[in-house]
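In the text below, chain A, chain B and the rest are named by the order of the sequence lines, each starting its count at 1.
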Amino acid sequence: MIKVKVEFLGGLDVVSNGVREHKVTLEGEEGQVTMKDLIDHVAKTVICDARDIPVFIQDDTVRAGILVLINDTDWELEGMEDYVVESGDVFTFTSTLHGG
Amino acid sequence: MSSSADLPRKDRKIKPSALCELCHGRKAVMKRPKNLQKLCKECFFLVFETEIHNTITSAKLFQKGEKVAIGASGGKDSTVLASILKTLNERYEYGLELVLLSIDEGIKGYRDDSLATVKRNQQQYEMELEIVSYKELYDWLMDEIVSCAGIRSSCTYCGVLRRQALDRGAAKLGIHHVVTGHNADDMAETVLMNILRGDTARLENSCSILTQSSGSPIKRSKPFKYSYQKEIVLYAHYKKLDYFSTECTYAPEAFRGTARELLKGLGAIRPSCIMDIIYSGEHFVLAQKKKVTKSYKNGRDKKAATAEDEQEINPDGSVALKTTKRDGNTCEKCGYITSNKICKACVLLAGLEASRAKASVDGSEEGAAKLGKTLELLSF
């Protein structure tokens, strides 16, 4: 079991009932769970209405226009979907699409 | 022997490849979409701010002692703009007097919340704040307009009215320069949309950093013209700036929304494409429209042809009728600067007045828009 924190910011919280911070528990041992698994799990458990999943996921990954940070670091520097999840990690998803 | 995996994460040695490519001392936290450079937080702040400073100085946007209004919506772009301009004004001694200028469109559940953010920004940045509302200027709330004109044309109305409201707000404050938070992504989106619509007239000037209608005392500029949305959001996030992030109740028109999606998709594959589109936009020069003179067509007395006999031919082969279009003209109804007899806002408002009777929106707690949406969902 791996416990992590997931944040939905920049207006993205509309798909999670307005809740910005989520405690997420992932099945599996440390070292075996990747970012890809986390994204799938978040889509299933954090997003309230399954119809809103396309707001978060597009073409099997996080939708373009959503900024992803892993422990406050750009996920592009952390291997993106291949990042290996560790206990205590913080994943921040921020929508950049909404209002200027 | 203890391997690095046994140590708490923060004590592990950082791989050289994970270091900032500028200072080579701290861990990189972000990758710039512009050039794929990996930077640490401190270097990112400095590079981001300095680039905007360079944009400002190379375009000679400001003059010492100038009073400048920041079009402030409470959203990420204008909040970061206010913060950065304050920083740069102090660091490089621009000598600017900065004022926040907000427009209250009258959208319940959206603008009232975002204005609360602007009011906090006023405190945080110690700037004067002026709010002008559609209600006081036009005697219409955006919610009322939508209930009259329908949700599809909401952006058209709002855009025309906001442009004029910003000018009027600035004039009220005796300010001749309004800066807005339009970023590189917005610029690229505008170029793309003008191409998709064949709007060549707008295309040529869509990338100007500084615009001013002839005869208008107020100029507008976009210091974030070359700043990526991703970096603006990261800057706000790392600086922990207080911004408002809720989508407007009236979502963007479908065409713009689709163009935006397209651009986001392209940017994911090739991040530099946003800069490339702006570059293309900057270098468009339209060919002169073909002109023929009546006398030339008739084949006699070419010398007698004057400019008045010339007719412009549109790309589709049609010809424009003679109108008395001229710059520097003012609207007969409200006195606002326009190239026509009546300005666009007055034309739109006159159309609305005609259908005002149909809408009775008083007493609706949620705002007319919400009501309209609820009604659309009802089925019998």
Take B/His237 and A/Asp72 through the test side-chain contact (heavy atoms from CB on, under 4.5 Å) and record every step on the way to the result. CA-CA 9 Å; B/His237 179 82; A/Asp72 238 13; 2.9 Å; yes

Using the rule given for salt bridge (charged side-chain N to carboxylate O under 4.0 Å, His left out), can you reason through A/Glu78 versus B/Lys15, listing the C-alpha separation, both sets of side-chain angles and the distance that settles it, and then say yes or no? CA-CA 12 Å; A/Glu78 300 282 359; B/Lys15 276 184 263 163; over 6 Å; no

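The minimum heavy-atom distance linking B/Val29 with A/Leu77 is given by the pair C-CD1, 3.5 Å. Here the shortest heavy-atom pairing between B/Tyr238 and A/Asp74 reads OH-N, 4.3 Å. Across all their heavy atoms, B/Lys264 and A/Ala64 have their closest contact at O-CB, 3.6 Å.
We find the CG-CE distance between A/Leu67 and B/Met30 to be 9.0 Å, quoted to the nearest 0.5 Å. In this structure, B/Ser245 OG and A/Asp13 CG are separated by 6.5 Å, a value rounded to the nearest 0.5 Å.
Within a 6.0 Å radius of NZ in A/Lys3, no more than 12 heavy atoms belonging to other residues, nucleotides or ligands are found. When the shell of 6.0 Å around CG of A/Asp49 is examined, it contains more than 12 heavy atoms from other residues, nucleotides or ligands.
The candidate from B/Lys41, B/Glu261, B/His182 with the greatest count of non-hydrogen atom pairs under 4.5 Å with chain A is B/Glu261. When each of A/Thr92, A/Asp59, A/Thr73, A/Leu9 is scored by its heavy-atom pairs under 4.5 Å with chain B, the top score falls to A/Thr73.
For A/Ile70, no part lies near chain B; criterion is any non-hydrogen pair under 4.5 Å. Only the side chain of B/Ala268 comes within less than 4.5 Å of a heavy atom in chain A; its backbone stays farther off.
Side chain to side chain, A/Thr96 and B/Lys76 fail the donor-acceptor criterion of an N or O pair below 3.5 Å.
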